[in-house]
Amino acid sequence: MRIFRINAVFAGIITRRKAQRDKIMQKTFNRQKLFRVIFLSFSVSAFVFVSNSCSTDFELNAPAKNIWVVYGILNHDAATQDLRIMRAFLPTEDATQFARNNDMSVKGLQVTLTGGGKTYLATQIDSVPTEPSNGAFYPYTTLYRFQTTGGDTLKPGFRYDLEIKLPDSPNFVLRSYTYLPQEIRFLTPRIIPGAGQEYCLLQATLDKEYKIEFQKKTTTSNLGVGVGFEIKAYLDYTELGIEKTVAFGPTPVFITGQRCTTGSGFLCYQFQEKELISDFLTKMKPSALSNYTYAVNSNSECLSDFTALPKAFRFEVTALDTFLTNYLTVNNPKYQDFNTVRPEYTNITGSTEAYGIFGSINLLSVPAKLSPCTEYLLYLNGTPKPVSGCER
């Protein structure tokens, strides 16, 4: 999955003098850059007072108030589910210094998750290292963790309700919910039965245009069905005995077919000629003498044990629920201009002002083998150059 950037939006500021306006714009822009990397989304009203004497003193901040921020994404495949709960801030002092010296996470909460016939009680996990650990923020944070293994595994298609309470404040409550998406079914590529009931990898010709096709499960109520989708691709290889992985993506979230069309209930994404190869090569940085290896050959591409098939190259499709799809669409970090005001999106409700996102995903991956030309272009397994139609 990708990192969600949250944006602080400021109201337009009107002044009488150009010098005053430029000063305010610069202050506001500096604050906005900080809030792009904080896991929250909230609006701050800016108030401007201009006296008849053209005073240069401005109060940019509204009165202080509590704004809660909740961030959590349920993942069907994960053994644990983490939730982050914190308070937003906009200090009058240097905001970067404030973020570096203060832990804004909230402790001592009662957090429950209900769905699939079960109720989960979160455990508070303190002193979790902050990512990225580059010193921009307080080095530790607090998470609330649900255990979802064995009989407690999350169930695709079911609704899960989140509730957050303060033990000493009976009137305080924050709520949200999500429908965990159903799994998708790969059409291209897929694993096919071979001779003698062996299972075989299909070939991916990445040196040509290549189309991923999959089917999403539908229901009569349309609840629990993936709405948005994104794709990643992974290549595991070995260089001089060192195991490495190179990844492509994720692609932008898409709701309909991208660069391709297919039938009702099916979706597709078409990669351009050598699109994946170029991305991999940029990250692998090979030379003319490079010779990488990966675990797919004539002896391993067809096996009687389905689970033993090599996954050295694989595609991964992630299905996103409605709320997460909407959130990523509305909070797209693309910056247009200073005066653009993007609408906020949140599905956190309750007894106090709160923002953030509580959503869910379900991902499925499928391995494939690479065509001889693709292997040659990626310097894999010493594959010789095909006779024709394959140029580096």
Side-chain angles (χ1 to χ4, degrees), residues 1-4 73 75 77-80 82 128-134 186 188-191 199-212 214 229-253 269-303 305-318 361 363-386 390-392:
M1 279 296 295
R2 54 177 71 216
I3 298 175
F4 306 113
I73 306 298
N75 181 353
D77 291 329
T80 60
D82 289 338
V128 179
T130 302
E131 293 292 344
S133 56
N134 56 10
F186 273 100
T188 305
R190 67 186 189 278
I191 307 299
Y199 295 93
C200 298
L201 300 175
L202 282 186
Q203 182 171 275
T205 54
L206 305 185
D207 50 300
K208 309 294 183 184
E209 288 185 345
Y210 189 78
K211 183 165 61 174
I212 299 290
F214 59 93
F229 300 88
E230 61 183 21
I231 297 176
K232 290 183 178 180
Y234 297 92
L235 174 63
D236 299 333
Y237 66 100
T238 301
E239 180 181 11
L240 299 177
I242 300 174
E243 295 181 353
K244 298 183 177 182
T245 298
V246 63
F248 170 92
T251 62
V253 175
Y269 188 99
Q270 182 162 295
F271 290 96
Q272 304 294 349
E273 182 178 315
K274 297 183 180 179
E275 180 179 356
L276 282 170
I277 294 174
S278 297
D279 186 82
F280 286 165
L281 288 176
T282 299
K283 297 165 183 173
M284 295 166 71
K285 299 178 180 178
S287 67
L289 299 178
S290 295
N291 188 2
Y292 308 129
T293 59
Y294 85 127
V296 180
N297 52 50
S298 58
N299 294 323
S300 64
E301 64 184 40
C302 288
L303 298 174
D305 183 359
F306 174 85
T307 61
L309 284 171
K311 301 175 179 60
F313 175 74
R314 60 198 179 276
F315 289 105
E316 180 182 273
V317 173
T318 302
I361 62 173
L363 56 88
L364 185 68
S365 64
V366 61
K369 65 177 181 179
L370 298 173
S371 67
C373 181
T374 302
E375 289 186 358
Y376 167 74
L377 294 174
L378 290 173
Y379 301 87
L380 292 171
N381 294 357
T383 302
K385 179 181 178 181
C390 186
E391 299 296 331
R392 280 180 178 154

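The first residue in the sequence is number 1, and the count goes up from there.
A donor-acceptor contact shorter than 3.5 Å links the side chain of Thr251 to the backbone of Ile231.
Proximity of Tyr237 to Met284: side-chain heavy atoms (C-beta onward) are separated by under 4.5 Å at one or more points. The shortest distance between side-chain heavy atoms of Leu370 and Val296 does not fall below 4.5 Å. Side-chain atoms of Pro367 and Ile191, non-hydrogen and from C-beta on, do get closer than 4.5 Å to each other. Under the 4.5 Å side-chain criterion, counting only non-hydrogen atoms from C-beta, Glu239 is not in contact with Tyr379. With a 4.5 Å cut-off on side-chain heavy atoms, Leu281 and Pro286 count as touching. At least one side-chain heavy atom of Gln203 sits under 4.5 Å from a side-chain heavy atom of Pro372. Side-chain contact between Leu378 and Tyr292: absent, with no pair of heavy atoms (C-beta onward) separated by less than 4.5 Å. Under the 4.5 Å side-chain criterion, counting only non-hydrogen atoms from C-beta, Tyr210 is in contact with Phe315.
Of the candidates Phe280, Tyr234, Phe271, Phe271 is the only one forming a ring-ring contact (aromatic ring centres under 6.0 Å, His included) with Phe248.
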side-chain contact (heavy atoms from CB on, under 4.5 Å) assessment of Leu380 paired with Leu235:
CA-CA 11 Å; Leu380 292 171; Leu235 174 63; 4.3 Å; yes
Evaluate the criterion side-chain contact (heavy atoms from CB on, under 4.5 Å) for residue pair Ile361 and Asn75; output intermediate values, then yes/no.
CA-CA 5 Å; Ile361 62 173; Asn75 181 353; 4.0 Å; yes
For Cys373 and Thr205, run side-chain contact (heavy atoms from CB on, under 4.5 Å): C-alpha distance rounded to whole Å, both residues' side-chain angles, the deciding distance at 0.1 Å, then the answer.
CA-CA 8 Å; Cys373 181; Thr205 54; over 6 Å; no
Could you walk me through whether Phe214 and Phe229 pass the side-chain contact (heavy atoms from CB on, under 4.5 Å) check?
CA-CA 11 Å; Phe214 59 93; Phe229 300 88; 3.7 Å; yes
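Between Glu275 atom CD and Leu206 atom CG the span is 10.0 Å, to the nearest 0.5 Å.
The salt bridge (charged side-chain N to carboxylate O under 4.0 Å, His left out) check on Glu273 picks up nothing, with sequence neighbours excluded. For Lys283, the salt bridge (charged side-chain N to carboxylate O under 4.0 Å, His left out) partners at least two apart in sequence or on another chain are Asp279. Shown here are the salt bridge (charged side-chain N to carboxylate O under 4.0 Å, His left out) partners of Glu209, two or more places apart in sequence or in another chain: there are none. Asn299 pairs by the side chain to side chain contact (heavy atoms under 4.5 Å, CB included) definition with Asn297, not counting sequence neighbours. Applying the salt bridge (charged side-chain N to carboxylate O under 4.0 Å, His left out) rule to Glu243 yields no partners; only residues at least two apart in sequence or on another chain are considered.
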Would you tabulate the side-chain donor-acceptor contacts of residues 307-314 under 3.5 Å, counting partners in other chains and residues two or more places apart, or write 'none'?
residue, atom, partner, partner atom, Å
Thr307, OG1, Asp305, OD1, 2.8
Thr307, OG1, Asp305, OD2, 3.4
Lys311, NZ, Thr307, O, 3.1
Lys311, NZ, Leu309, O, 3.4
Arg314, NH1, Asp236, OD2, 2.9
Arg314, NH1, Lys311, O, 2.8

